[in-house]
Amino acid sequence: MKTHVKALVVGGGAVGAGIAYHLAKYGWKDVMLLERDELTSGSTWHAAGLLPLFNMGYATTHLHDYSVDFYKSLEAETGLNAGFSVVGNLRMAQTKDRMDEYMLYGSTAETVGIEYHHMTPAQIKERWPLINTSDLEGAIYHPGDGYINPADVTMAMAKGARQRGVTIERKWQVDGYEWTGSEWKVTCTKMVEKGGNLVPSEEQTVITAEHVVTATGNHAQRTAQMLGIKIPAIPVEHQFIVTDADPALVKWRADGNPEHPVIRDADAQSYVREERGGWILGVYEKNAPARFEYGVPDSFRADLFPLDLERIEEQYMAMIHRMPSCEESGLKDDFNGPICYTPDGNPLVGPAPGLRNMWLAEGFSFGITAAGGVGNYLAQMMVEGEAEIDMASLDPKRYGSWMTTEYGARKNEECYDHVYILHHPDEERPACAGLRTSPAYDRQKAAGAQFGRVNGWDRPNYFGPKDADENFDHDGRSFRRGTWWPYAVEEAKAIREGVGLVDATAFTKHVVKGPGATQFLDWFTCNKLPKIGRINLTYALTSHGTTRTEYTIVRNGENEYYLVSAGAWTAYDADYLRKAAEDKMEEFGYIEIQDVTTQWGVFAIAGPKSREVLNKIIKDADPETALSNKRFPWLSAKQIELGMCPVNAIRVAYTGELGWELHHPIEMQNYLYDLLMEAGADVGMKLVGGRAQNWLRQEKSYRAFGTELGRDATPQEADLPRFIDLEKDFHGKEAMLKTGVRSKCVTLLIDGPDDADPWGREALYDGDTKVGRLTSGGYSVAFGKSIGMGYVTPELANVGQKLKVKMFAQLWDAEIVEDSPYDPTNATIRVNG
Ligand SMILES: Cc1cc2nc3c(=O)[nH]c(=O)nc-3n(C[C@H](O)[C@H](O)[C@H](O)COP(=O)(O)OP(=O)(O)OC[C@H]3O[C@@H](n4cnc5c(N)ncnc54)[C@H](O)[C@@H]3O)c2cc1C
């Protein structure tokens, strides 16, 4: 057996095979895959093999789309038939809301180029008479997907990998990892059969690998322990049953009719497909328990759990309702296996936190569908430095070290039973709510806050009625304007016309200091560094010149900086920053990095009356002038005292109005909150949530990280020339310049439907031609119509350009407007007082 390789892939399920194949395809010569048992012996062998293209996320839609095309090509390359039945996929809707969901999805699918059609109940009935359509509103139909044999496709990928030079070793278990500083020493144990169990033998070997990828499926917790990191991939039980032959179906096929598509009855939490004259019914039922929270027992190999028929009775009855002909068909077979989940349902793909050359590919609940795509895009990241799509939504570091086993297990159970809920874009999930809260949480709750969750934090989305019942938010969600909408309108107006207060405590905050700090940050970020006491908006780039992180940098001293970035991305930002600083320390000198996120609370006060409110409580020899332009200019930072609270105030407002961010010791937050609320009472200061803030920043064309800003666009493409200092050298500069401008970020005002705004997932058209997509959307109180930001081909990125936005299967007028359509000269932000 080889003992030195370029890359070692651990795990021989669909995902490991897909990765090994693509590493070789992208040119790595020396790749090895290790499997502790047999290929496919994990979850892969018992998967139902459905390949649903439908996915509400942009990156996962790309992954699935790639897989479906790739699987179709495998037979020609390997001679192995992957068992792909391209029967199509029919996703039915029992409600108008569900049809709205499909229409929103349809627009996303168009941005990726996936074929779909909407169907009426009559069209469904005409084509597939066995389906009961009496209670349907319609459906969305994908002709290009279907189902595949999971073992066959894995074997085909494994054969393709071998043909490209990959070595595959079975019955070798990885038992330890050690980083030498330049490569991984991986301890492996030969596994042997003993009394039907698979047990470690005495035989061990150590393989050195420059890179390791873990694709260990249900064993992710053991992998996490060996690596000393947290991986919130914990399996949940998942069941499907197979019926005996259905005589009506047998006759239908005998009459020469084609196979039925995969039939998804989303409102009945189930899918059905043909299986040898009978049906497979797969369900996403309530109360499926998490399994193997602390690891897979040695006795569990390619095993299953006992069927729990009671748990899926409702879905069984729903299948009989939908396919009445199957009522008499008995139960032939059943599967109840572990299916890996993560708290948000997306897999964990990318660099492992804190480790070098260690890549995770864990937590796949649609691993058969994703395997080809994840292989492709992860291999791009490893071999070429970046993937062509933004993989941030799949990055393992979207969860921080606050994550626990209990959190993972409970969220994963929730995620499983939410697979078929209506995926409203304003959806918030209740499990583990109230886990990470700012001290003022209870006060805000009492004031009507409806919280949303990001990176474990609860943050106010908006402030509803104080006496709202606990289902107020849930029951008012919509693909159009939810019940929250008028509250957000009032909050947005408060900031434009009066004053509002936003709790921004979840912001990620890092202190970077030490003799090497200035040179390091100058290289790490693309804008000029601010002078002492000033701030700058800047970007850290990837090696491909695209945006890795957006920072507000405050310079507190010659060699001391305070960096503020998005609250959702603390571990993601910390990891990149730390690793870059470690790499550059020798060149630039010692650099200290502290994550101070949970030490500092943040309130953002904004609006024309914000100065008036602060003037009342600021302690200063001359309080009337302390916040004037002369003493506290726009884009500067100062230590001030508000009552007895020391505050690092930054004169900047993400809402684009006169305002300050008030960074304060977290233990004083309630004191400061009460002080501000009292001072703001007589000018009608309003508490404001994230939804209104998101609208307001679009009126100012402020790009947001995770939407306009990400690893698929450079800051030049994001059209941010004023934040790029081309006079200096910085990380990613050459690549950014070489990339040029493939598409350009623009702001649009939209004449949409009366009851809806775009969500930022919609396709943009010029006539009949698709020319881009929205990345953000919402409502503008300043213009009284919908607003959006997005990317279009550069030649169309001109003020006044008329385009169309696809919403609810129709095209609506939109016009590209100047950057910062509200207050383009920043007069209100700079106003003196
Ligand atoms: C009932 C059921 C139906 C499903 N239906 C579908 C479906 O229709 N479509 C779909 O896309 N998905 C489906 N899934 C999900 C799908 O099975 C998984 O997402 C997929 O198999 C995950 O593949 P994987 O390679 O990540 O994990 P696995 O297949 O579990 O592979 C991981 C491998 O790693 C090996 N391993 C672990 N630790 C080590 C170690 N230390 N050293 C060496 N080897 C190690 C294991 O032995 C295992 O073979 C279903 C799941 C279930 C339970």
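Counting starts at 1 for both ligands and their atoms, in listed order.
Geometrically, ligand 1 and T369 share a nitrogen or oxygen pair separated by less than 3.5 Å. Close N/O approach between V174 and ligand 1 is found [any backbone or side-chain N/O within under 3.5 Å]. Residue-to-ligand polar distances place L50 within reach of ligand 1: an N/O pair is separated by less than 3.5 Å. In terms of polar-atom proximity, defined here as any N/O pair under 3.5 Å, V10 makes no such contact with ligand 1. Backbone and side-chain nitrogen or oxygen atoms of P338 are examined, and none is located within less than 3.5 angstrom of a nitrogen or oxygen of ligand 1. Geometrically, ligand 1 and A47 share no nitrogen or oxygen pair separated by less than 3.5 Å. By the 3.5 Å distance cut-off applied to N or O atoms, E38 is not counted among the residues near ligand 1. Close N/O approach between A14 and ligand 1 is found [any backbone or side-chain N/O within under 3.5 Å].
At a threshold of 4.0 Å, the pair R398-D344 counts as salt-bridged, since one of the basic side-chain nitrogens sits closer than that to a carboxylate oxygen. R311 has a carboxylate O that lies under 4.0 Å from a charged side-chain N of E237, or vice versa, which qualifies the two as a salt bridge. Ion pairing between R164 and E77 holds under the 4.0 Å rule for side-chain N and carboxylate O. No salt bridge links D246 with R276; every basic N to acidic carboxylate O contact stays at or beyond 4.0 Å. We find that E414 and R429 are not joined by a salt bridge, their nearest charged nitrogen and carboxylate oxygen being 4.0 Å or further apart. Between E275 and R273 there is a salt bridge, since at least one side-chain N of the basic residue sits less than 4.0 Å from a carboxylate O of the acidic one. Remark: R711 engages E386 in a salt bridge, criterion side-chain N to carboxylate O under 4.0 Å. Of the charged side-chain nitrogens involved, none lies within less than 4.0 Å of a carboxylate oxygen, so that D303 and R301 do not count as a salt-bridged pair.
Atoms of ligand 1 found under 4.0 Å from any heavy atom of I339, numbered from 1 in the order shown, are 14 (N), 15 (C), 50 (C), 51 (C), 53 (C). Using a 4.0 Å cut-off to heavy atoms of H238, the atoms of ligand 1 that qualify are 1 (C), 2 (C), 3 (C), 4 (C), 52 (C). Short contacts between ligand 1 and W172, defined as distances under 4.0 Å to a heavy atom of the residue, involve ligand atoms 43 (C). Of all the atoms in ligand 1, the ones that sit under 4.0 Å from a non-hydrogen atom of A48 are 3 (C), 4 (C), 5 (N), 6 (C), 7 (C), 8 (O). Atoms of ligand 1 found under 4.0 Å from any heavy atom of I368, numbered from 1 in the order shown, are 10 (C), 11 (O), 12 (N), 21 (O). For ligand 1, the atoms lying closer than 4.0 Å to a non-hydrogen atom of V15 are 23 (O), 24 (P), 25 (O), 26 (O). Atoms of ligand 1 lying under 4.0 Å from at least one heavy atom of R222, given by number and element, are 41 (N). In the vicinity of G12, heavy-atom distances shorter than 4.0 Å reach the ligand 1 atoms 33 (C), 34 (O).
Here atom 21 (O) of ligand 1 lies nearest to T44 when heavy atoms of L8, T44, V262, D175 are compared. Atom 30 (O) of ligand 1 has its nearest heavy-atom neighbour, among S43, S67, G16, in S43. For atom 32 (C) of ligand 1, the candidate residues are A215, G11, G42; the nearest heavy-atom contact is made by A215.
Below 30°, between 30° and 60°, or above 60°: for H211 and W28 the angle between ring planes is between 30° and 60°, a tilted geometry. The aromatic rings of H260 and W128 sit tilted relative to each other, their planes meeting at an angle between 30° and 60°. Ring geometry, W184 versus W179: the interplanar angle falls from 30° to 60°, so the pair is classed tilted. The aromatic rings of Y284 and Y420 stand perpendicular to each other, their planes meeting at an angle above 60°, with 30° marking the opposite boundary.
For atom 22 (C) of ligand 1, the nearest non-hydrogen atom of the protein is G367 CA, 4.1 Å. Residue, atom and distance of the protein heavy atom nearest to atom 27 (O) of ligand 1 are G217 CA, 3.5 Å. Here the protein heavy atom with the shortest distance to atom 36 (N) of ligand 1 is R36 CD, 3.8 Å.
Under 4.0 angstrom from ligand 1, there are no non-hydrogen atoms of C188. Within the 4.0 Å heavy-atom criterion, both parts of E35, backbone and side chain, lie near ligand 1. Of the heavy atoms in F364, both backbone and side-chain atoms come closer than 4.0 Å to ligand 1. Of all the heavy atoms of P52, none lies under 4.0 Å from any atom of ligand 1, so neither backbone nor side chain is involved.
Aromatic ring centres of F292 and F300 lie closer together than 6.0 Å.
Judged purely by distance below 3.5 Å, without hydrogens or angles, the side chains of T223 and T216 pair a donor atom with an acceptor atom.
With a 6.0 Å cutoff to the six-membered ring centre and a 45° limit on the axis angle, R91 does not count as a cation-pi contact of Y141.
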